[in-house]
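So the structure is just underneath, and the comments pick up after that.
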Amino acid sequence: MEGGDEGVDRMVDSKDMQQQSKAFDKLTDRVEDRQLDSSRVQTAMASIAAAAEADANAMRLREKELAAVKINAADVDVIANELELDKKVAERTLREHKGDAVAAIRSLLH
């Protein structure tokens, strides 16, 4: 009769193992590892590099435009002294406003 009892024990053990396995699967998040497609990575990196290059070119172009703006040195001195700013800040703001001292001062005050 002991042989019959072993079959029941094995069946209970296998059901218990299945339940434990299911419980373990619920507790752990299984994330499948995905291999990155190297061509997609290279395309993305090239896109990032192109965007950075475009930003740098735009910044250089903007600096050239600002350098071409004619400003009055007296306006720079007045803005720097009256608003207690560094002359570089006063000059940059004046250039950004195309030499218009009133617009530059308004911008700095707001």
Side-chain angles (χ1 to χ4, degrees):
M1 291 222 174
E2 290 179 16
D5 289 342
E6 284 181 25
V8 172
D9 286 341
R10 286 182 189 165
M11 192 173 251
V12 171
D13 285 343
S14 66
K15 285 183 181 179
D16 189 39
M17 292 295 281
Q18 287 175 355
Q19 288 176 348
Q20 288 177 359
S21 177
K22 287 180 183 178
F24 182 73
D25 287 342
K26 288 180 183 178
L27 289 175
T28 59
D29 292 334
R30 291 189 179 185
V31 178
E32 295 179 10
D33 293 334
R34 298 182 187 176
Q35 292 181 346
L36 293 176
D37 184 13
S38 64
S39 63
R40 288 180 62 196
V41 171
Q42 289 174 351
T43 303
M45 293 299 290
S47 174
I48 291 170
E53 182 76 22
D55 288 345
N57 286 337
M59 188 175 279
R60 277 189 236 118
L61 182 61
R62 176 72 175 151
E63 291 301 321
K64 284 182 182 179
E65 289 173 359
L66 290 177
V69 173
K70 303 238 185 230
I71 57 171
N72 189 345
D75 290 342
V76 174
D77 290 335
V78 169
I79 292 172
N81 290 332
E82 293 300 320
L83 299 179
E84 298 179 355
L85 296 172
D86 185 40
K87 285 190 178 188
K88 289 181 183 180
V89 173
E91 181 179 342
R92 171 99 180 169
T93 306
L94 196 57
R95 287 186 188 278
E96 288 173 350
H97 290 89
K98 298 181 179 13
D100 186 358
V102 175
I105 292 171
R106 284 184 182 153
S107 172
L108 288 167
L109 291 177
H110 289 269

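Here, residue 1 is the first one in the sequence, and each next residue gets the next number.
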Output a table of donor-acceptor pairs, distance under 3.5 Å, between side-chain atoms of residues 81-91 and any protein atom two or more places apart or on a different chain; print 'none' if there are none.
unit_1 : atom_1 : unit_2 : atom_2 : d
Asn81  : ND2    : Asp77  : O      : 3.1
Lys87  : NZ     : Asp77  : OD1    : 2.9
Glu91  : OE2    : Arg95  : NE     : 3.2
Glu91  : OE2    : Arg95  : NH2    : 3.0

So CD of Glu96 and CD of Glu65: to nearest 0.5 Å the spacing works out to 11.5 Å

Contacts table for residues 100-110: side-chain donor-acceptor under 3.5 angstrom, sequence neighbours left out:
unit_1 : atom_1 : unit_2 : atom_2 : d
Asp100 : OD1    : Val102 : N      : 3.3

Would you indicate whether the side-chain heavy atoms of Ile79 and Leu94 approach each other to under 4.5 Å?
-> yes

Show the atom names and distances, to 0.1 Å, of all donor-acceptor pairs under 3.5 Å that link a side chain in residues 42-58 to residues at least two apart or in another chain.
unit_1 : atom_1 : unit_2 : atom_2 : d
Thr43  : OG1    : Ser39  : O      : 2.8
Asn57  : OD1    : Arg60  : NH1    : 2.6
Asn57  : ND2    : Glu53  : O      : 3.4

